[in-house]
Amino acid sequence: MARNTLPSRFRGLDIDEYDENRFVDEQDEAAEQQGPDGAEVDALLRRGEMITAFHIALRNPPINSKNPAVKERAQAVVLRVLTSFKSSDIEPAVKSLDRNGVDLLMKYIYRGFEKPSDNSSAILLQWHEKAFAVGGLGSIVRVLTARKSV
Amino acid sequence: MSMCNSSWSQMVFYEKAHEGSRRGADTSAFLQSPQKMTATLRPYLNAVRATLQAALCLENFSSQVVERHNKPEVEVRSSKELLLQPVVISRNDKEKVLIEGSINSVRVSIAVKQADEIEKILCHKFMRFMMMRAENFFILRRKPVEGYDISFLITNFHTEQMYKHKLRNSSKIFEDLSLESFCSRLGRRCGSHGK
């Protein structure tokens, strides 16, 4: 009677995984989304073309990418652009964005809050204020409910 | 309905309601230059208030796992589709607020600035005092989330019974805790009421 006479392999199964109503995130292809081009953005910043650098930094967000390095790189580029803006230039820059741009900007802002360094939080707070004035509560809600984060 | 019964907590809520005019006088020797501190405070509080307002859209949602149960999904975390992205708002690397939302509950965790040893001890004791009386606070969590000093759990039942803007304000009372402001509030309250 010491030997187990019946198969017990089923006990290792996680039955919830096979539930057909289980929610799975859609897996989109991460094809061309490599994040903004850091070198290009740097060149523009050096030349002083802030708004262009800003727009380019917000292009190609690595939303679908599962590679954290890509996301880190994109975040670093955007943070560099955001911190190099003067306070007075923030508002026109935000106004030049469309609705999707403002949402994307909000996502990057919240991402930037996660790793505060030097003065980055102070600038990000100013960006947040201006972006909130343009985007309203809706932009924040869209950041909270986004299934794919930047 | 009364949010809290003890006069201690009434003190902090009362004082916070009048904090606006006193904000400019919040200088403390431990901090960076006072200008810089107060310059980031307003945008910080506004950002937190806006995010909280966005996250506090809660509705009743019974548990999908257990029949006839109703659990705060942000604590259970069993179903991915019910959870929102957790979001951090930081003022510097020491002070931040973590807001985790879900369909029927929101967890707000605050990391308060503690500049030196005595502030750390004071903060720890103050928070422990509050958290031991969490039942009277209704929305307070008995243990803070890892990495933070105090946490609130707000469920749809709370938002149904209490004013949303009052809920928002009450969680913000902890954000500007510094030794000076704490002692000045304590002194003011004790002085005005004799005990």
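Basis for what follows: all heavy atoms, side chains included, without hydrogens, waters or symmetry-related copies. The sequence lines fix the lettering, A, B, ..., with proteins before strands; numbering per chain opens at 1.
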Closest heavy-atom pair and its distance - B:Val88, A:Tyr110: O-CD2, 3.7 Å

[X] [atom1]: over 12 foreign heavy atoms closer than 6.0 Å:
X	atom1	result
B:Glu67	CD	no
A:Phe23	CZ	yes
A:Leu13	CG	yes
A:Arg99	CZ	no
B:Lys94	NZ	no

Check: B:Gln85 side chain, A:Ala146 main-chain N or O, donor-acceptor pair, under 3.5 Å: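 The answer is yes, because a donor-acceptor pair under 3.5 Å joins these two groups.
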
A:Leu79 reachable from A:Tyr108 in the ILVMFWY side-chain graph, under 4.5 Å edges: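 Yes: a chain of side-chain contacts under 4.5 Å links A:Tyr108 to A:Leu79.
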
Shared hydrophobic cluster, B:Leu56 / B:Phe61 (ILVMFWY, side-chain heavy atoms < 4.5 Å): no

Rounded distance [0.5 Å steps], CG in B:Asn92 versus OG in A:Ser120: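 B:Asn92 atom CG to A:Ser120 atom OG measures 9.5 Å (nearest 0.5 Å).
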
Straight-line distance of A:Thr145 OG1 to B:Leu83 CG, nearest 0.5 Å: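 So the OG1 of A:Thr145 and the CG of B:Leu83 are separated by 13.0 Å.
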
Region of A:Arg147 that comes under 4.5 Å of a non-hydrogen atom in chain B: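 Both backbone and side chain.
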
Chain B interface, residue from A:Leu144, A:Val141, A:Ile109 that has the most non-hydrogen pairs under 4.5 Å: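 Result: the option with the highest number of such pairs is A:Leu144.
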
Sub-4.5 Å side-chain heavy-atom contact between B:Asn46 and A:Phe132: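 Not touching, per the 4.5 Å side-chain cut-off.
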
Residue pair A:Leu124 / B:Ile89, side-chain heavy-atom distance below 4.5 Å: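 No, their side chains stay 4.5 Å or more apart.
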
Best-contacting candidate, B:Pro43, B:Ser90, B:Ala54, against chain A by heavy atom pairs under 4.5 angstrom: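 Highest number of heavy-atom pairs under 4.5 Å: B:Ser90.
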
